[in-house]
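These values consider heavy atoms only, across backbone and side chains, with no hydrogens, waters or symmetry-generated copies.
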Protein chains: 2
Amino acid sequence: MNNGRFPISLHILTLLARAGGNLLSSDFIAGSINCNPVIVRKEISNLRNAGLVESKEGKNGGATLAKAAENIMLSDIYGAVRQSSLLGNSRNTPNPDCAVGRDINTHLENLYAEVEDVLVNKLHGITLADFSRQFD
Amino acid sequence: MNNGRFPISLHILTLLARAGGNLLSSDFIAGSINCNPVIVRKEISNLRNAGLVESKEGKNGGATLAKAAENIMLSDIYGAVRQSSLLGNSRNTPNPDCAVGRDINTHLENLYAEVEDVLVNKLHGITLADFSRQFD
DNA sequence: TTGTACTGTAATAACATTAATTACAGAATG
DNA sequence: CATTCTGTAATTAATGTTATTACAGTACAA
């Protein structure tokens, strides 16, 4: 995960957590992140699919949290944005005629699963409320 | 870390761990990984700087482990290849006129440090010997 | 009931990162 | 001294990410 999706999503959610239920527009949010509003809307769309935010179309529309910040774990955010494995994968498929090449992907997957488990557990212990309280 | 450096380095080191002290050429290693030999040499150069491998130039040259596989922790490998933060960073600097934008990078850094800590601890508990034994 | 201010989404372009390739100097061996 | 390797720089190709443009659709409010 080398891209900015986790920090951007966390930034969006922190703003929403601090908005006290008021709807925030993608333009406003993009102004705080300093990125394009379309990126914000895409990310909000993803967070909505994950059940973390709700949004309203039309004039005076915008986004708000779908549930209390106390009930959103950082692991939920991670789960919503995760796409590639934590420690990366080689682009090419290793040589199946080599004992190591043949099985390395299996063993890597197992390792990654273990490692990701401790990471997710850690993130599960921190709520969005915890994180956003830091900005007071 | 979305790139292939960790898996490639682990692949290289696994091959070396199983070579029983014999020198392996970058061509041989690249054939197992299925990548370009120059990539292997670059990665070996990095692992050498990290004190994990030794290499010999010239005819019949190649690479070998710099210490016993029991004494190489997966956290050492992670440390040797890590470059960007685990959960990514936004490309642009956030708006300093916003309470969240102003401080988010500090709080992200703190969070990432905590999270990376549990990851590194986990990797510290697994040796290269443990990992490469799986291929027997 | 129409103008305005939003969201949602697709398509494309610009940019950044990563891996592959080419090239070649230098080292060790037989 | 030809051969087989490493080391490294420079370039190109491939891929991934973010920004931009465009526009249909929705809700509000005058």
Residues Ser26(A), Arg41(A); criterion side chain to side chain donor-acceptor pair (under 3.5 Å); working and verdict:
CA-CA 6 Å; Ser26(A) 61; Arg41(A) 295 205 285 272; 3.0 Å; yes
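What separates CD1 of Ile39(B) from P of dT17(C) is a distance of 17 Å, to the nearest Å. Rounded to whole Å, the distance from CZ on Arg5(B) to C1' on dT17(C) is 13 Å. Separating the CG atom of Asn46(B) from the C1' atom of dT6(D) is a distance of 16 Å, rounded to the nearest angstrom. dT6(D) atom P lies 8 Å from atom CD1 of Ile29(B), rounded to whole Å. When the P atom of dC5(D) is taken as reference, atom CG of Asn22(B) falls 14 Å away, rounded to whole Å. The separation between Gln83(A) atom CD and dT18(D) atom C1' is 13 Å, rounded to whole Å. For the pair Phe28(B) CZ and dC5(D) P, the interatomic distance rounds to 12 Å; values are reported in whole Å. Between the P atom of dA27(D) and the CD atom of Glu54(A) lies a distance of 14 Å, rounded to the nearest Å.
Aromatic ring orientation, Phe131(B) versus His107(A): perpendicular (interplanar angle above 60°, classes split at 30° and 60°).
The side-chain heavy atoms of Pro7(A) and His11(A), taken from C-beta on, include no pair separated by under 4.5 Å. Asn105(B) is listed as a side-chain neighbour of Pro94(B), based on a closest heavy-atom distance under 4.5 Å.
Here the CG-OG distance, from Leu111(A) to Ser85(A), works out to 10.0 Å after rounding to the nearest 0.5 Å.
Of the side-chain N and O atoms in Asn92(A), one or more sit less than 4.0 angstrom from OP1 or OP2 of dA20(C). Contact annotation: Asn36(A) does not reach the phosphate of dT18(D) (side-chain N/O to OP1 or OP2, under 4.0 Å).
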Determine, for nucleotides 6-16 of chain C in 5'-to-3' order, which nucleotides have protein heavy atoms under 4.0 Å from the base (write B), from only the sugar-phosphate (write S), or from neither (write -).
BBBBB-----S
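Looking at Asp130(B) and Arg133(B), a side-chain N of the basic residue comes within less than 4.0 Å of a carboxylate O on the acidic one, giving a salt bridge.
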